[in-house]
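Both counts, for ligands and for their atoms, begin at 1 and track the order of listing. Since the model is a prediction, treat every value here as computed from it, not as a measurement.
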Amino acid sequence: MATFDYSGTKDQIPGLLLALQEDVDLINRGTTGAIYDAGAAAMNGVVAVVGLGERLFSDHYAGGRWPNHLAAMPFTERDELAPHQVGGAIILLVAASTPEASLATLRRLQNGHQSLLARRWLQSGYLPTPDPLVGVSRNVLGSLDGLANPKPGRTAWERCLWVTEEDDEVPWMLGGTYLVARKIEVDLDAWDALPLAEQEALVGRRQADGVVTGAGRPSHVEVARSAMFGPLPMLRRSFSYSDGGAQGLLFAAYSRNPSVQVSPVLTELSQRDPLNAFVRHVGSVVFAIPRRLPS
Ligand code: HEM
């Protein structure tokens with residue numbers, strides 16, 4: 001993924017969004033076009049998605065209507081965010097079966113727009129092949145990640161992801177969603193020094209098969225669950241990353257209303273998550289992902 005500042009005028013925005021949409025349509029032809037299904041990307045080649053961030057609206061549409069949740073993400077006392085890894089006007093998300101394919105696609109999307117888009121943050125990530133039994137991948141901690149997610153094709157998936165008329169949103173967000181992403185560095189030396197039973201108690205699931213453990217003290221899973229209000233979960237599609245010797249999780253959650261579905265969980269985890277001793281949050285963004293970019 002890559003985030004950008006926008007340095008053009010308001011009048012140039014529709015032309016830029018049209019060009020990006022046309023390019024994305026070409027790239028996604030022949031795929032499912034759904035970034036939310038990283039598995040599909042691995043099978044079908046390349047998937048690209050464009051999102052719009054708070055800076056685009058605060059700088060150019062101050063008096064108009066914005067998507068409702070661009071400021072949904074709370075910052076917490078534990079955050080150690082690098083300024084370039086926060087915010088932005090535009091995000092380009094590309095998933096592909098090889099890193100070179102995704103980087104080349106990112107370049108292709110930016111090309112021709114260099115005078116309007118200045119890159120803030122480029123973050124690569126990877127997803128190991130999913131475990132064949134449970135269909136999800138292991139994260140850098142070695143845990144199966146994504147087990148509690150809503151499943152494609154089920155009602156919960158539809159209801160948790162896509163903005164509907166009930167959401168009272170700008171019309172072009174109907175059928176769209178929001179991305180909340182956090183770059184979370186993990187102290188793997190400290191983590192790997194723990195006995196397996198302790199790791200499992202902190203996560204709240206067995207390492208081998210993801211079965212929920214009851215350790216008698218709060219685990220990551222229990223604390224996350226305790227802060228999920230109402231029937232709508234978020235869809236977590238996190239990637240692992242490794243750069244400059246640091247490793248961690250590029251946590252990515254999709255939801256139709258991140259203020260309700262994601263923010264409370266993040267706040268609660270920042271206070272009580274037993275994994276906090278091993279992690280530092282160093283990046284945080286929220287972007288609106290319309291089904292098609294507004295013209
Ligand atoms: C380094 C950071 C993190 C790691 C390693 C991690 C890992 C995991 C793992 C292994 C699970 C259990 C398997 C599963 O259901 O996917 C899980 C569950 C979950 N995590 Fe995280 N997570 C991290 C950060 C976060 C953050 C920042 C949030 C929210 C803002 C979050 C929200 C959740 C939720 C909602 C669940 C499902 C709970 C349930 O219903 O069982 N996680 N996480």
**OP:** Test ring pair (Phe, Tyr, Trp, His ring centres under 6.0 Å) on His113 and Phe4 and set out the steps.
**Re:** CA-CA 11 Å; His113 308 305; Phe4 298 85; 9.7 Å; no

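Salt-bridge check for Arg107 with Glu100: failed, with every basic side-chain N at 4.0 Å or more from each acidic carboxylate O.
Considering only residues two or more places apart in sequence or on other chains, Tyr126 meets the ring-ring contact (aromatic ring centres under 6.0 Å, His included) condition with none of them. Partners of Val50 under the side-chain contact (heavy atoms from CB on, under 4.5 Å) rule, at least two apart in sequence or in another chain, are Leu20, Val24, Ile90, Leu92, Leu293. For Tyr241, the ring-ring contact (aromatic ring centres under 6.0 Å, His included) criterion is met by no residue, not counting sequence neighbours.
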Between ligand 1 and the protein, tabulate every N or O atom pair separated by less than 3.5 Å, reporting distance only.
from     : atom 1 : to     : atom 2 : distance (Å)
ligand 1 : 15 (O) : Leu147 : N      : 3.4
ligand 1 : 15 (O) : Ala148 : N      : 2.9
ligand 1 : 15 (O) : Arg236 : NH2    : 3.2
ligand 1 : 16 (O) : Gly146 : N      : 2.5
ligand 1 : 16 (O) : Leu147 : N      : 3.0
ligand 1 : 16 (O) : Arg236 : NH1    : 2.9
ligand 1 : 16 (O) : Arg236 : NH2    : 3.0
ligand 1 : 20 (N) : His220 : NE2    : 3.0
ligand 1 : 22 (N) : His220 : NE2    : 2.8
ligand 1 : 40 (O) : Arg225 : NE     : 3.0
ligand 1 : 41 (O) : Arg225 : NE     : 2.8
ligand 1 : 41 (O) : Arg225 : NH2    : 2.9
ligand 1 : 42 (N) : His220 : NE2    : 3.0
ligand 1 : 43 (N) : His220 : NE2    : 2.9

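Between Ser143 and Asp145, every side-chain heavy-atom pair lies at or beyond the 4.5 Å cut-off.
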